[in-house]
Amino acid sequence: MSNAHHTTSRSVVLREFNKPLAVEELDVAEAGPGEVVVGVEYGGVCGTDAHLWSGRLDIPTPVVLGHEGLGTVERIGAGGLADANGEPLAVGDTVMWASSISCGSCVPCRMHEEPTLCERRTTYGVNLPVANAPGPSGSWSERMVLRAGTSVVKLPAGVPPASAMSLACAGPTMIHALYGRRPVRLGESVVVQGSGPVGLAAAAMAQLAGAAQVIVVGGPESRLAVARRLGIGDHHIDIIDGMDAAAALAEVRALTGGYGADLVIECAGAPDAVPQGIAMARRGGSYLVVGQYTDRGEVAVNPHQLVHRQLSLLGSWGFTGAHLVAYVNLLPALTARFDLASLVTEFPMADCEEALRQVGTGGVLKAVLRP
Ligand SMILES: [Zn+2]
Ligand SMILES: [Zn+2]
């Protein structure tokens, strides 16, 4: 394993929005101090990538796509490196890495101690264009250069890589929401709105955290069937083809002694879910909104409900490196209880456009690319 020879990588490059994505050969520089070159085994595909491709987000191009990844350490910069848990990193280790680096010096980072709200975040696969990078900066790529300051963490022994990728974005997003913003308390009744990866992560983590019952309100039925098969959630309400909102509310009330849930977690993404979720919380309960990640417009909410029902209403935005590391550290417990690998559909890297389409239509729960 020589450190000196020239390396290249075949990588998916976004040059023009809405145009075909090309696989191109890029140079990979030596790993500088604090940097790690990884051979990518899995590059995750998520809804954000479809937004990037379509040009709905203003990003610099050309850029190598892919902000979720898992791979093998190929080179480490001079001086060596420990992972985020303090374990020495070595060539050959299987690792995951956080999708972004907070700047540490803006007002939200330094003074508000809210690094998820960083004003100068750098994110792999999003705002690290090819021209500014020592090598591919996205995971839809055979190799990737991880910059100094990246939270890199070794995968715990015995955790299948595909399982780790199943909730690569959704898992750390829910760690931030549930452990940072509004923890699940022992014995609570929890409603989760949404049965995509974020909803499944919320339900699974609420169960691990000691909820007495978890009610998943989502759909279509095929997705709820997956949740049932994995044991994610205790009750499943199909709000797409099954019940209307009023019937779903009545069912939630019936399952909670007539009161409503102690905690409702919104992971649906549709604005209509919010007034429905407010109604599903008990008086004195909490409503944690996580799924409204993109702006899909306004919805009517009766503010009297917040006061009369004395609700705690919280939002949660993204995650930091620490949340990704906490997710990886939780994987042995998560994978011991839930068959997460079965959520994952693999695509060859060259089929990235098909993977994006399937994510968009809900044809697959979680798509990953194999470079
Ligand atoms: Zn910052
Ligand atoms: Zn993602």
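Below, all heavy atoms of this structure are taken into account, side chains as well, without hydrogens, waters or symmetry copies. Ligands are counted one by one from 1 in listed order, and the atoms in each one are counted from 1 as well.
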Task: Exercise: do Arg182 and Ser286 side chains pair donor with acceptor under 3.5 Å - done: yes

TODO: Please work out the angle at the Zn ion (ligand 1) defined by atom SG of Cys103 on one side and atom SG of Cys118 on the other, rounded to 10°.
DONE: 110°

- [ ] Give a yes or no on this: more than 12 heavy atoms of other residues, nucleotides or ligands lie within 6.0 Å of atom CD of Glu25.
- [x] yes

Task: Salt bridge present between Glu353 and Lys19 (N-O < 4.0 angstrom) - done: no

Open item on the list: Taking 2.8 Å as the limit, list every protein N, O or S atom around the Zn ion (ligand 2), by chain and residue number.
Closed with: Cys46 SG, His67 NE2, Glu68 OE2, Cys169 SG

Task: Residue among Val159, Val38, Leu155, Val73 satisfying side chain to side chain contact (heavy atoms under 4.5 Å, CB included) with Thr94 - done: Leu155

Task: Arg75 bridged to Glu30 by N-O distance under 4.0 Å - done: yes

TODO: Indicate the ring-plane relationship of His176 and His323, choosing parallel, tilted or perpendicular according to the 30° and 60° boundaries.
DONE: tilted

